[in-house]
Amino acid sequence: MKEELFASGRNIPNIDPYLNIWHWQIPLYLFLGGLAAGILFFAGFFFVRGKEAKMQATVKWAPILAPIALILGLGALFWDLKHKLYFWQLYTTIRLESPMGWGAWTLMIITPISILWVASYMKEIFPGWDWKFDILNRFEAWIIKNRVGLAWVMMIYSIILGVYTGILLSAFNARPLWNTSILGPLFLVSGFSTGLATTIWISNDAKERKTLSRIDLILIVIELFLIVHLFMGFLAGSQASIEAANLFLGGEFTVSFWIFVVLLGLIFPAVLETLELWGFHVPKWLPPVLILFGGLMFRFIIVEAGQITRYIY
Amino acid sequence: MQTRRKFIKISSIGIGATAFAGGMAKWVIGANSPKNVSIGPNSLATLKPVPTYCEVCFWKCAGWSYVDEKGDILKIVGNENDPHCDGRLCPRGTGGIGMYYDEDRLKTPLIREKKSDGTQYFREATWEEALNKVANKMKEVKEKYGPEAFGLFNHGNPGAHFEHLLRAYGSQTNAEPAFANCRGPRTAAYYSTFGADVGSPECTDIRDTQCLVLIGSHIGENMHNSQVQEMSAAIDNKATIITVDPRFSTAAGHSTFWLPIKPSTDIALIMAWIHVLIYDNLYNKEFVEKSTFGFDHIKEHVKTMTPEWAYGITDIEPDVIRKTARAMAGAAPAVVIHPGRHVVWYGDDTQRERAMAILSALLGAWGKRGSIYIPEAVSIPEYPQPEYPETKWNWKDLNEGKFPLATMGVTTELLKASIPRLNYKHQVKAWLVAGTNLPLSMPDKKLFKEAAEAVEFIAVMDTMPMEVTGYADVVFPEATYLERYDFLRSAQNRVPNIALRMPAAKPKYDSKPGWWIGKQIGERLGLHDYYNYNDFSEVIDWQLKKLGSSLEEMEKIGIKSFPRKSGPQYIADGEDYKFNTNTGKVELYSVDFADEGFDPMPVYTPHPEPPQNFYRLIYGRAPMHTFSRTSNNPNLWDLMKENSVWVNPKVADLWGLKNGQKVWLKNQDEAITSFPVSVRVTERIRWDSVYMVHGFGHSDKKLTRAYGMGASDEEMITNIAVDPIMGGTGMRGNFITFLKENPASKMKEDKA
Amino acid sequence: MRYAMAIDTKKCVGCSDCVVACQTENNVPHGYCRDWIVETVSGTYPSLDLEFRSERCNHCDNSPCVRCCPTGASHKVEGGIVLVTHNKCIGCGACIESCPYDARYPHPEGYVDKCTFCIHRVEKGQNPACVSVCPTQCLHFGDLNDPNSDVSLALKDRKWKVLAPEAGTKPQLYFLT
């Protein structure tokens, strides 16, 4: 029998017996970040493709939610800080090796961009909107003229944002569950999928929804594929990785992951979307709600389970 | 009969709430006394060092208390010139500041009062009241029964102050648990063999030894500072370390040989070693011929005690016995057969210690480098006072003829003499208690409770609201060692030395030093002649000046060494050394024992084994605690909050016990632990035994951190095997079984 | 200059003096610790092996905590000691997540804290508090680049191991076995 224990009574709050430094704020932030990334990417994408008129919700309406999500996410992140008064230190330095630093600066860039995007459509969203100040009207005109450039910037940064939410975790190779490069692409795809789901939910145009559903289906398949590879990688790795995988294959997260995330959050909505595409009547809100729920649960589970896994002790 | 004294469990609602709030505040603010905000490390360079010596245990390591401008003690560090610690305090000494900052400390004198409805409670009193009450009681007892009827349970410096008071008052009726409940047997055994005690700190030359033999001794968990340091040096020197222990102790983990002996069979093993040394001609012939008496007796005596015979008893294979005996012989005379510390196990402990002493003698391991050195202590001049008055009877008379070789009071006899129905010839009517927490240190709780309730008056001096204070009529809050002067330390060492203790801070709350309390009582008793000073520092200064130093000098250096006067610490080759025994030689055959009718040479007797479903209770120390004294210390509580019961995995499987599961323990006499204890499933313990660290399971709610944490092994020690030679209370003949459900709730179920 | 520590597991008895000394030296709040003792038992009675390790931040050469800090509060100073600048730390917890040794903890005051190799003592030529107090003298500290330093002499001719070498952090705590 092998025993390994702390003989000096170590029992640090939130560190022992399992790491629990990041609570609900971080998964919420990751979810909102991914959501905003998805919305903004497709907004830019379809605008650049010239489909602005056909994909109104995607290009104009859904992006309203993006800055809200980003600001809520930032708020959650700020709340999570334990030394809040010093949060501004984040913006006094650029540290290329720190994913958290990447996140801070990316958000600093993409939030104003998303606000600008939405602002440029204010007159279409709220007819009769008046900026009141001449300088703002001129600024608005300038943006509308340069929307393509803005869209490209938005697309690039939304990819960075989406990938970053995964890379943030995978950069911590001290936590075996996160120590895989699959997390980056997985979070990106998942984020885009949640973005699409939101847009599908608020869209009134059946044709638009069909286009988005097709893309979403592809994304869900990719996600499932990545999840399978995620576990295959863990099971082929070190003992710590195997134990991390076992949390989901018989351990305490088995039910919540496979039922809430995979079944309810991915497979079932995929089936529903397929049925919808084949002409069956499906409540419009059901697949998006399930996808959003699955996305949120996914991040909660990964953050909590990741902190439980460790290489030593 | 109406019980005179009920253990007062003070309602902890008020105390508990403040403690909880304070605790919460601490947790939120993260206060580590003294500051509320932790900013950066302490810079010792800016702090004032004050010399002291530690009182967290009896090793009394000298050190420096570092105090800041506000008068807060921030850190305690060892004195580099102190042989007890070599500048490195043990974890308890380093954590000593916790004693000072513990908010659960006794703050004011307390007097027991009875309400009209019969319930008893403590009320806060002034020093005047409390001192007067005790002094008056002492006068009363003197008139009614004679001063000898006032007894004392003592330990350490606090006890020493009260011992002085008691002797001046006219009583020698005192007993230290450290004798009959701890190290007594080795004193009797080594005196009768070598004519000298190993003493304290033990004069074992471990740092230069080539073979260290530990029989049950668990140095490393037993944090006797210089012993641990020297064992570390011995490991560096690649000394052979042989540990005999049914448990895989820390020492066993660092040993060359670990002999996982069956409990209670140690005498058989030691006699077999003696057999091998003699019959394989490995013993130190020169030493034996020149300096020992009784070789032929012992040779005949161990003829049949072969390793094969011992194997059947001890579970140690014969070739292991031979190999280890040869290792000892090869290293002789640089062998230390460690006499151990707490050695009251099975009632024949003096004989086991005798066997160890004989083994040492056969190896010539006395007075040689790497064995036992000849220690010397500085003789502190006695401050002028009249001779202590003669007493009509003393602690020895309490034994009523039993325990002829006891050299100090036997605590259990003092307890029994306090119980009128036991009809002792000399009866004890009242107690002073200082420096010991009797309810957790005395085996057989029923005996203690009956004695405490029978006695007319108890006055307790303590720094913390330990369980013993719950039995007192008057409680004196003593200032901790960091806040007071005390006797100059002069312990035996290789080089004689003295150490100064002076206060590093003012006494907190309304606590007072022990010398002051003793003096105040003494003066009320008219004993001014024995307290011919105003402040204890005068006594110390007088003594230091007589020794060629001064208080001023000692304040700067803390420790002062003196040249040896009694000769070198080792016996020279060929020297004609006279041992202080009847025969003038080392007695392999003990004349003293024979005279008193005891076996002159050790004999193995089998001891009772655990019945089915029961396991022998073995107990010991943890290096970060001094038993119950430190369980509430905030710094040390952080390291170990509670004890656990070590269970072998096979046993755990049998009982379905999981690591961390809480169980209650029940012993062979149906005693049940008051609190549950955590199970530790570990391979380190034999399947026929369980192990617990002593000193937990506090039942006094005023100890907010320690209350209810872990279980008290003492509650399970109801069967005492009395050593007829010196009165030692053998405690390891107790067996426990597991109760997986709360026995209290089960009783309710049974009633319903 | 490369500071490092060697812990002789053949001598450590797990007394935890290093833990208390660090606490009183550095005002570590109760309930938290910068260093700790790990006890490892292997085998079956009576063939057993016991090891005590005094562990703390490894002040890694390739420290993930310094890499991932978004504000630069976690930084390395000369000699390789990793420190946290309190008023730059925002308490985001990234460094805690990135440490494979779980050596960091969130201080109640908000910033992240850990062992500093007692740099305030090292700068004055003294040893860290834990090294100075250890009764078995099993802790060795010093400059690895100096062949005569305490730690270099301890590592000479002895077998040693580090914790989780596969994490690639190049830890500077060497356990003599």
Side-chain angles (χ1 to χ4, degrees), chain A residues 1-16 18-23 26 77-78 80-105 168-169 171-176 178-179 238 240 303 306-307 310-313, chain C residues 14-16 18-20 31-33 35-45 50-55 64-74 85-102 104-112 163-164 166-169:
Chain A
M1 175 179 135
K2 177 129 182 177
E3 248 187 303
E4 196 164 51
L5 56 139
F6 289 131
S8 62
R10 177 178 136 150
N11 196 7
I12 302 179
N14 294 121
I15 308 273
D16 304 303
Y18 296 115
L19 203 61
N20 197 9
I21 291 291
W22 286 343
H23 309 288
I26 298 291
L77 212 58
F78 176 76
D80 175 69
L81 291 182
K82 292 174 187 54
H83 214 207
K84 294 178 178 54
L85 292 176
Y86 295 89
F87 78 95
W88 52 269
Q89 292 276 11
L90 272 172
Y91 301 107
T92 59
T93 166
I94 294 182
R95 299 184 65 84
L96 291 170
E97 286 187 306
S98 161
M100 253 215 176
W102 272 94
W105 284 109
L168 174 69
L169 296 183
F172 296 129
N173 60 346
R175 313 260 81 86
W178 298 343
N179 190 10
S238 63
V303 168
Q307 291 183 92
R310 63 213 308 182
Y311 274 100
I312 49 180
Y313 315 133
Chain C
C15 72
S16 310
C18 45
V19 182
V20 201
Y32 297 83
C33 56
D35 59 350
W36 57 93
I37 303 285
V38 176
E39 175 185 331
T40 310
V41 184
S42 41
T44 313
Y45 190 99
L50 179 62
E51 181 180 82
F52 284 101
R53 299 192 299 264
S54 169
E55 298 186 2
C65 57
V66 172
R67 255 206 320 279
C68 78
C69 178
T71 62
S74 275
T85 312
H86 295 172
N87 57 11
K88 269 197 181 167
C89 174
I90 61 173
C92 71
C95 56
I96 300 178
E97 301 281 349
S98 72
C99 178
Y101 309 103
D102 287 341
R104 288 169 168 255
Y105 62 90
H107 194 281
E109 279 178 11
Y111 51 82
V112 172
L163 295 180
E166 67 275 9
T169 50

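On a predicted model such as this, the values are computed, not experimentally measured, just so you know. To find a chain, count down the sequence lines: A is the first, B the second, and so on, and within it residues start at 1.
The number of heavy atoms from other shown groups lying within 6.0 Å of OH (Tyr18(A)) does not exceed 12.
Residues meeting the ring-ring contact (aromatic ring centres under 6.0 Å, His included) test with Trp22(A), sequence neighbours left out: Phe172(A). Partners of Asp16(A) under the side chain to side chain contact (heavy atoms under 4.5 Å, CB included) rule, at least two apart in sequence or in another chain, are Phe6(A), Arg10(A), Asn11(A), Ile12(A), Arg310(A).
The greatest number of non-hydrogen atom pairs below 4.5 Å with chain A, out of Thr169(C), Ile96(C), Val66(C), is found for Ile96(C). The residue among Ser98(A), Ala174(A), Ala104(A) with the most heavy atom pairs within less than 4.5 Å of chain C is Ser98(A). For the set Cys69(C), Gly14(C), Ala164(C), the count of heavy-atom pairs under 4.5 angstrom toward chain A peaks at Cys69(C). The choice from Thr40(C), Thr44(C), Ile90(C) that makes the most heavy-atom pairs within less than 4.5 Å of chain A is Ile90(C).
Taking CZ of Arg67(C) as the reference point, atom CZ of Arg95(A) lies at 11.0 Å (rounded to 0.5 Å). Separation of atoms CH2 (Trp88(A)) and OG1 (Thr71(C)) is listed at 10.0 Å; rounding is to 0.5 Å. Between Lys88(C) atom NZ and His83(A) atom NE2 the span is 14.0 Å, to the nearest 0.5 Å. One finds the CD1 atom of Ile312(A) at 9.0 Å from the CD atom of Glu166(C) (value rounded to the nearest 0.5 Å). Between Gln307(A) atom CD and Glu97(C) atom CD the span is 4.0 Å, to the nearest 0.5 Å. Residue Gln89(A) holds its CD atom at 9.0 Å from OG1 of Thr85(C), rounded to the nearest 0.5 Å.
Looking at Ala94(C), both its backbone and its side chain come within 4.5 Å of chain A, counting heavy atoms on both sides. If you measure heavy-atom distances from Cys99(C) to chain A, the contacts under 4.5 Å come from the backbone alone. For Leu19(A), the part lying near chain C is the side chain, with the backbone staying farther off; criterion is any non-hydrogen pair under 4.5 Å. Using a 4.5 Å cut-off between heavy atoms, Tyr45(C) does not touch chain A at all.
Pro106(C) is listed as a side-chain neighbour of Ile15(A), based on a closest heavy-atom distance under 4.5 Å. At a threshold of 4.5 Å between non-hydrogen side-chain atoms, the residues Trp102(A) and Pro70(C) do not count as touching.
Between the side chain of Ser8(A) and the main chain of Trp36(C), no donor-acceptor pair closer than 3.5 Å is present.
Looking at every heavy atom in both residues, Cys92(C) comes nearest to Met100(A) through SG-SD, 3.3 Å.
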